[in-house]
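For reference, the structure discussed in these notes is given below.
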Amino acid sequence: MDMLKNRREPLSASALAQEFSVSRQIIVGDVAILRAAGNEITATPRGYLLQTARPDGEIRRVACIHTSDDMESELNICVDYGCSVLDVIVEHPVYGQLTGELQVHSRYDVSQFIKKAKKEGAHALSELTDGVHLHTLSCPTKEAFERTCTALREAGFLYGE
């Protein structure tokens, strides 16, 4: 917990395992125990984050649609216009709402996410819903959110427009 408390960036299970000379699976189990004890630990594609205070600024949701090939472009638009992409949400017909933590704050984060998805052969959650999905965005201002929406609209990524 101390290692997570002192970080703003995600910390991978592999890094924690190396630090404590245990297997990655031991870390995964320990994090599950910490979560069950009420600690708000989020698993992102790049590692674990301890959720503390809510970020400053605007927390908004945006509905998007695009193919998997456009995922990197969509995420880059969001970070280029000043917003962080906290998650992706789809509405599955059997399981209901499915949420994937992203915690993407920069182009570097986007490139790391895309690289990992390709390496693992992972499919986008939005493939389950023909490209339709939501993103929760953390934006420093209302203007940053509006700029992001305008750019997503111009790229043809906003759903229903």
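Heads up: numbering here begins at 1 and tracks the sequence. Note that this is a predicted model, so its numbers are computed, not measured.
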Out of curiosity, [X] [atom1] to [Y] [atom2], how far, rounded to the nearest 0.5 Å?
| X | Y | atom1 | atom2 | value |
| --- | --- | --- | --- | --- |
| Leu128 | Tyr95 | CG | OH | 10.0 Å |
| Leu102 | Leu86 | CG | CG | 8.5 Å |
| Leu11 | Leu50 | CG | CG | 11.0 Å |
| Glu58 | Thr141 | CD | OG1 | 7.5 Å |

Where at least one partner belongs to residues 116-128, residue pairs that pass salt bridge (charged side-chain N to carboxylate O under 4.0 Å, His left out), sequence neighbours excluded: none

Qualifying disulfide bond (SG atoms under 2.5 Å apart) pairs, either residue in residues 68-102, two or more places apart: Cys83-Cys139

Test side chain to side chain contact (heavy atoms under 4.5 Å, CB included) applied to [X] - qualifying residues, sequence neighbours left out:
| X | answer |
| --- | --- |
| Ala43 | Arg35, Tyr48 |
| Glu74 | Cys64, His66, His133, His135, Leu152, Phe157 |
| Ile65 | Val132, Tyr159 |
| Glu154 | Thr150 |

How would you list, by chain and number, every residue that makes a salt bridge (Lys or Arg N to Asp or Glu O under 4.0 Å) with [X], sequence neighbours excluded?
| X | value |
| --- | --- |
| Arg147 | none |
| Asp109 | Arg46 |
| Arg107 | Asp80 |

Listed once per pair and sorted, the ring pair (Phe, Tyr, Trp, His ring centres under 6.0 Å) pairs that draw on residues 6-31, sequence neighbours left out: none

Neighbour count above 12 (heavy atom, 6.0 Å) for Gln18 CD: no

More than 12 heavy atoms from other groups under 6.0 Å of CZ on Phe145: yes

Stepwise side chain to side chain contact (heavy atoms under 4.5 Å, CB included) check, Val88 with Thr99: CA-CA 6 Å; Val88 59; Thr99 303; over 6 Å; no

Qualifying side chain to side chain donor-acceptor pair (under 3.5 Å) pairs, either residue in residues 83-93, two or more places apart: Ser84-His105, Asp87-Thr136

Stepwise side chain to side chain contact (heavy atoms under 4.5 Å, CB included) check, Val62 with Thr148: CA-CA 10 Å; Val62 62; Thr148 300; over 6 Å; no

Remaining members of the apolar cluster that contains Ile89, side-chain heavy atoms under 4.5 Å: Leu134

